[in-house]
Number of protein chains: 2
Amino acid sequence: MREFRTTSLADQVFDKLENDIILGVYPRGEVLTELKLVEQLGVSRTPIREALRRLEQERLINDTGKGSVVLGITEEDLLDIMNIREHIEALAAYYATVNATDDDRKELRHIMDLQDFYYSKWDVEHLRQVDDAFHDTICFMSRRAVITDTLVPLHRKTRRYRRQAMQDKERASHTLAEHHEICDAICSGDAELARSLLSKHIENAKIYMLGRK
Amino acid sequence: MREFRTTSLADQVFDKLENDIILGVYPRGEVLTELKLVEQLGVSRTPIREALRRLEQERLINDTGKGSVVLGITEEDLLDIMNIREHIEALAAYYATVNATDDDRKELRHIMDLQDFYYSKWDVEHLRQVDDAFHDTICFMSRRAVITDTLVPLHRKTRRYRRQAMQDKERASHTLAEHHEICDAICSGDAELARSLLSKHIENAKIYMLGRK
DNA sequence: GATTGTTTTAATGTATACAATTATACTCAA
DNA sequence: TTGAGTATAATTGTATACATTAAAACAATC
């Protein structure tokens, strides 16, 4: 039986609040106070404070000294995130191709299979999760800490909008086809192709979500 | 008399540790325990823990559950940071030019004057500070939260290497000249020129610090 | 009625006590 | 000497008490 390291309350609080803020459960402008969260979440102030400090570091909230204001992700933020990802994730794809191990390529192909499976079942929530896995795996495969640490939080912050986009079956099919192309480029070792395909992939997603801006 | 808001101990601890890690006072691999820091810094565990959570969020340390391992900034990290900045700071320069107010332009020109002053005095530490101010101001002028929040920490993390580079008077003079060109482009409203000049400026710094990689 | 000064309340900042966990040191037997 | 088992110490996780600050409510004066 595999042992799981129990995650601390502070981590759980952070994960929950981060997700809720990104998905808009706590809307922009809402004020979170430690005491309110103590009541809502049933833990003491210590883990809540630590979670709030981390959320602040990610700029999802802004501490006023008298409650923390939820910032969340605006459409302007989304545009910037996609513009940044367009450049940096292309870099990740390049390094991923260069540094990929056989296991990495196997893993990526497995993700493609899962993706096709969930598409055939038309399971939108799992499709979104597999989209996470696809992009995070490419980051990981790059073996570049700074690139990964820059991209993963940005990608997480688009969750709400990606979930929306996945509802559109035609758009989802387009996304999946691009993922396959990128996977093939990485697995065949063509780093420059992988770079340009991923850049184009993000640009297309940006245009779909925001129009050409 | 101007009133300063007293910064919390937690903030002070974060600032100090961040700076010391970036400058290498705590070398990569060193293990920081809360108790040791309590003794060294003379504050209780609460503010220290909050600072550690933030440092972990910035990936400057890695919490093992039994002490936090200092990660710091490696040369590989520096290369990635410069590659990322090359793209994103160019974007910032573009928006900065588009969104600049008269006050912004005045502020930027003032920074140029300070820069020339400290160069004439050959005050390296202040030159490095003014370099911070130059790049941070352009970020701020872009009025784009995500771009700023992505760039400012990355820029801070290069402090140690920039300080080194500023020691070289010929290199510093080159840097300063490029800053003037960029300032002129931004103030004249040529966004595309500002973008390409800033990209080139970062690339040159990268090449100086790391060679062509 | 507006304004000033005071009281109260709500919120955060900090220290510390206690619990739980994990590594270390130690003891004793084979 | 080595190894198992246990005690000890070190460290973090969590809750909570106390201090401090800032906002809100309120009262009193002009």
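What you see below is based on every heavy atom in this structure, not just the backbone, and it leaves out hydrogens, waters and symmetry mates.
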Test of understanding: with side-chain contact (heavy atoms from CB on, under 4.5 Å), list the residues that count as partners of Asp15(A), not counting sequence neighbours.
none

Strictly by modelled atom types, are Glu178(B) and Asn204(B) linked by a side-chain donor-acceptor pair under 3.5 Å?
yes

Got a salt bridge between Asp77(B) and Arg144(A), using NZ or NE/NH1/NH2 to carboxylate O under 4.0 Å?
no

Distance in angstrom units between Asp63(B) CG and dT22(C) C1', rounded:
14 Å

Quick one: do Arg53(A) and Glu50(A) make a salt bridge, cutoff under 4.0 Å?
no

Would you kindly give the CG-to-P distance between Leu41(A) and dG13(D), to the nearest whole Å?
19 Å

Can you measure Asp11(A) atom CG to dT14(D) atom C1' for me and round it to whole angstrom units?
13 Å

Taking donor-acceptor contacts at under 3.5 Å, does the side chain of Lys66(B) reach the base of dT22(C)?
yes

If I take atom CZ in residue Arg45(A) and atom P in nucleotide dG13(C), what distance separates them, rounded to the nearest angstrom?
8 Å

How far apart are the closest heavy atoms of Ala185(A) and Leu197(A), and which atoms are they?
CB-CD1, 4.0 Å

May I have the distance from Glu34(A) (atom CD) to dA17(D) (atom P), rounded to whole angstrom?
16 Å

Does anything in residues 46-53 of chain A reach DNA chain D, meaning a heavy atom under 4.0 Å, and if so which residues?
Thr46(A), Pro47(A)

Salt bridge (charged side-chain N to carboxylate O under 4.0 Å, His left out) filter on Arg195(B), not counting sequence neighbours, yields Glu192(B)

If I take atom CG in residue Leu35(B) and atom P in nucleotide dA9(D), what distance separates them, rounded to the nearest angstrom?
15 Å

